[in-house]
Amino acid sequence: MTKELNPAYNPKDVEEKIYRLWEESGYFDPDKLPGKHRKKFSVMMAPPNITGSLHMGHALENVSVDILVRAKRMQGFKTLWLPGIDHAGIAAQNVVEKELRKQNIRRQDLGREKFVEKIWEWKEKYGGLIFDQFKKLGVSPDWSRTRFTLDPGYVKAVQAAFINYYEKGWIYRGERVINWCPKCETGISDLEIEYREENGKIYHIKYPLTDKSGFITVATTRPETMLGDAAVAVHPSDERYKKLIGKKLILPIQEREIPIIADHSIDPTFGTGAVKITPAHDVTDFEISLRHDLPKFRIIDGKGVMTSEAGAFCEGLKTDECRQKIVDKLSELGLLEKVGDYTHNVAYCERSGTIVEPRLSKQWFLKMSELAKLAQEAIEKKETVFYPEKWAGILTEWLQNIKDWNISRQLWWGHQLPVWFHEPKCIPRKGHEGDIVKCKEYAVSITEPKCEFCDAKFVQSEDVLDTWFSSALWPFATLGWPGKTEDLATYYPTDFITSAREILNLWIARMIFSGKEFMEAVPFKTVYIHATILTREGKRMSKSLGTGIDPLFLIEKYGADATRFGLIYQNLGTQDIRFSEEHVVAGKKFCNKIWNAARFVMTRVKSADFPETTKKNLSEADKQIHASFEKVSEEITDDIEVLEFGRALHKLYDFFWHEWADKYIETSKKQAGLETEETLFYVFTNILKLLHPFIPFVTEEIWQTLKSHYGFKTDLLIIESWLNHDHGI
RNA sequence: GGGCGCAUAGUUUAAUGGCAAAACGUCGCAUUCACAUUGCGAAGAGUCUAAGUUCGAUUCUUAGUGCGCCCACCA
């Protein structure tokens with residue numbers, strides 16, 4: 001029966017074996033937990049990108065959830081932690097495109113269908129790698145319920161959501177200036193833009209007034225866009241220009257009349273206080289043009305070449321060639337007042353390194369006013385509670401100023417819009433002589449629709465939905481919605497979610513309003529915005545800066561428990577963490593200390609069967625350690641409840657090392673008897689339970705060893721009951 | 001540009017309206033005892049600056065300085 005422990009704890013002998021033991025037990029799956037009539041506790045994993053690999057942020061986030069989930073499971077809750085992966089539209093498309101480029105293949109060569117097939121192949125091969133890495137951390141989600149945002153069931157959820165919004169009249173098609181990459185020939189999202197500070201030039205150009213009474217000088221960094229100017233705007237109360245508002249200017253080269261308009265968005269202190277307005281090629285200018293009903297001249301095409309609308313002078317030239325030609329011409333005309341040096345941020349396409357060209361295009365939008373209201377009300381009524389609380393206010397403010405959501409993307413990888421187009425025709429209406437009807441340009445439908453008037457075929461929209469459109473449905477789409485499943489009834493709404501602060505708007509807010517809209521309940525009771533992990537110097541960890549630490553490296557060097565310890569020990573409150581490896585070292589030492597305490601207990605405690613009578617003759621030291629343990633265990637239970645995992649771990653560390661090991665164990669060596677043995681055994685085994693959520697591997701290994709050594713009746717530590725009584729029943 | 005946060009021993013952090021605590025590091029001593037991945041002990045900061053509130057401020061208020069994070073992207 002006796003099982004020996006090595007004098008030092010070696011994580012490599014243990015972690016893989018123990019993880020397998022847990023997985024084989026099935027206890028990560030709440031349906032397989034022993035016991036009945038349990039209250040549920042559910043959490044959704046923030047799905048990592050299909051292309052992602054484990055970083056410190058994932059590690060902190062998922063270890064935090066794991067601590068909570070393991071504690072709840074031990075407290076008797078029917079605990080579900082549902083994992084999944086996000087298809088990550090552009091990121092995945094990029095990775096596969098890059099792969100193909102090595103073989104000199106462009107995605108356009110393959111065509112959409114073949115290319116998407118390639119991504120699926122890639123997904124099958126590499127898409128699960130990040131979960132192997134998660135497993136190394138020792139986290140305990142229910143892998144049997146793993147979801148992917150492009151699973152057939154999930155696709156249905158996305159379509160159902162789209163159609164619901166469409167039927168409510170909240171989805172519309174409109175023209176907007178979006179970020180366009182002339183090299184990739186697609187619209188790209190704000191997230192795929194990289195701003196680089198650059199030293200450029202600012203050109204001051206004179207636009208003559210039609211009445212020849214003078215000029216207005218505008219400042220621009222992109223003189224070529226003047227070919228598409230529709231107006232010059234000034235602030236309505238700008239004294240310099242006040243009396244010119246409403247007058248006309250001659251746009252040089254184009255020789256077109258453009259008005260001087262007044263708009264509040266103009267900063268009178270910047271440049272000359274007069275701004276040239278190019279509606280089709282600048283986001284703010286476009287918005288101004290809507291307010292003033294200005295024409296939109298498309299002067300640059302999708303490849304970054306000047307169009308015929310730009311005029312014969314520059315047609316066919318690339319933008320930079322055109323710029324030079326324009327500058328020369330203005331200079332010749334005496335309209336170039338001056339050229340200054342100017343440092344500004346230039347938008348680059350993250351993937352191709354090309355300068356982003358804002359461009360007018362047709363996109364699909366989701367109206368936000370009603371949905372934002374739903375989220376605001378839920379936050380106001382505290383249906384969802386934020387930690388720290390300030391994020392509720394920050395989110396509310398963001399919701400107040402929210403713009404309609406551009407949900408379409410010109411990508412191939414993702415949820416294709418359930419929208420179908422066909423050539424609208426004007427045809428005589430049957431049975432009504434002389435009556436002409438026009439069929440609709442598009443229809444919204446999951447399968448190909450039939451036109452009520454003509455028999456022309458419909459073609460599905462090539463656009464896909466923004467990745468966040470599908471992630472917004474995560475808390476219920478993963479449980480089977482729009483079906484009425486048992487899981488949905490049992491686990492929705494979830495109890496808790498944690499995320500990094502940068503996706504508060506992109507993800508958390510959208511899940512809240514989606515939950516209210518489709519489930520009539522917020523998707524989670526608590527949102528915990530966790531700390532960000534910085535380098536020891538207080539800088540952001542980033543791959544491109546080479547400042548990141550690889551959690552797998554830490555696990556390899558010190559073990560998973562030590563890595564978890566190092567992360568959580570430094571995570572006090574929601575303050576950002578300047579991560580230092582020292583604490584991981586301390587974690588490794590701590591694991592070893594526990595390991596050796598177990599060895600000590602096994603040499604001292606002869607049997608785990610104690611007669612009832614022994615409790616009567618406790619020594620002062622026995623009583624003290626019992627009392628002290630009682631107190632610390634309550635505190636730790638409370639700390640976990642309020643998500644103060646770092647504080648709880650500090651207390652466990654101090655208690656175990658300094659009170660239990662340094663003091664009680666030393667005393668126990670000097671006092672013999674059954675009472676001592678029982679106290680040693682009782683406190684040790686119970687503290688193992690409290691330690692388990694934080695450092696699961698070493699505690700489970702010790703538990704299994706004690707089990708075989710003493711032959712006492714127990715299963716796995718992961719389902720041992722917390723403090724000998726269950727909360728969740 | 002908007003928002004948010006931080007500032008305490010060499011380092012990373014803790015605490016408190018009334019003697020500033022710990023870990024790591026450093027130094028010394030001990031120990032073949034479950035653990036040298038150990039134990040005991042020592043040195044080491046008066047809490048970024050200025051003003052205010054107060055009997056009293058490291059703590060509260062205001063301003064400044066420094067560092068950092070997030071969002072937006074501006075002619």
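Values below: every heavy atom of this structure, side chains too, minus hydrogens, waters and symmetry copies. Proteins come first, then strands; the chains are lettered A, B, ... in the order of their sequence lines, and each starts at number 1.
Look at CH2 on A:Trp660: it is 17 Å from C1' on B:U38, rounded to the nearest Å. A:Lys670 has its NZ atom 12 Å from the C1' atom of B:G39, to the nearest Å. If you measure from atom CZ of A:Arg604 to atom C1' of B:C35, you get 14 Å, rounded to the nearest angstrom. Taking atom CD of A:Glu502 as the reference point, atom C1' of B:G68 lies 14 Å away to the nearest angstrom.
For B:C35, the base has a donor-acceptor partner in the side chain of A:Lys593 [N/O atoms by modelled type, under 3.5 angstrom].
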Under-3.5 Å N/O pairs linking protein and nucleotides 5-8 of chain B:
unit_1: B:G5; atom_1: O2'; unit_2: A:Gln575; atom_2: OE1; d: 3.4

Are any protein N/O atoms closer than 3.5 Å to N/O atoms in nucleotides 22-30 of chain B? If there are, list each pair with its distance.
none

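Of the options A:Phe590, A:Phe684, A:Phe656, A:Tyr9, a ring-ring contact (aromatic ring centres under 6.0 Å, His included) to A:Trp595 is made by A:Tyr9 and by none of the others.
Here the nucleotide nearest the side chain of A:Leu572, chosen from B:C67, B:A14, B:A34, is B:A14. Out of B:C74, B:C35, B:G68, the shortest distance to the side chain of A:Thr284 is found at B:C74. When distances run from any side-chain atom of A:Asn345 to the nucleotides B:C70, B:C73, B:G39, the shortest one goes to B:C73.
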Inset, instruction - Report the secondary structure of RNA chain B in dot-bracket form, marking unpaired bases with a dot and bases paired to a different strand with |, and treating Watson-Crick or G-U pairs with both distances under 3.5 Å as paired. - result: (((((((..((((....[..)))).((((((....).))))).....(((((..]....))))))))))))....

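Glycosidic conformation, B:C48: anti, with the torsion outside 90° of 0. In this structure B:G46 sits in the syn conformation; its chi angle is within 90° of 0.
With rounding to the nearest 0.5 Å, the separation of CD in A:Glu357 from CZ in A:Arg222 is 4.0 Å.
Residue pairs satisfying the salt bridge (Lys or Arg N to Asp or Glu O under 4.0 Å) criterion with at least one member in residues 267-281 of chain A, sequence neighbours excluded, are listed as follows: A:Asp229-A:Lys276.
Among residues two or more places apart in sequence or in another chain, the side chain to side chain donor-acceptor pair (under 3.5 Å) test is passed with A:Asn49 by none. Every side chain to side chain donor-acceptor pair (under 3.5 Å) that A:Tyr558 has, sequence neighbours left out, goes to A:Glu581.
Within the 4.0 Å cut-off from OP1 or OP2 of B:C70, not a single side-chain nitrogen or oxygen of A:Trp398 is found. Contact between the side-chain N/O atoms of A:Arg540 and the OP1/OP2 oxygens of B:C69 is not found at any separation under 4.0 Å.
Around CD of A:Glu380, the count of heavy atoms belonging to other residues, nucleotides or ligands within 6.0 Å does not exceed 12.
Annotation for A:Glu224 and A:Arg323: closest pair OE1-NE, 2.9 Å, computed over non-hydrogen atoms.
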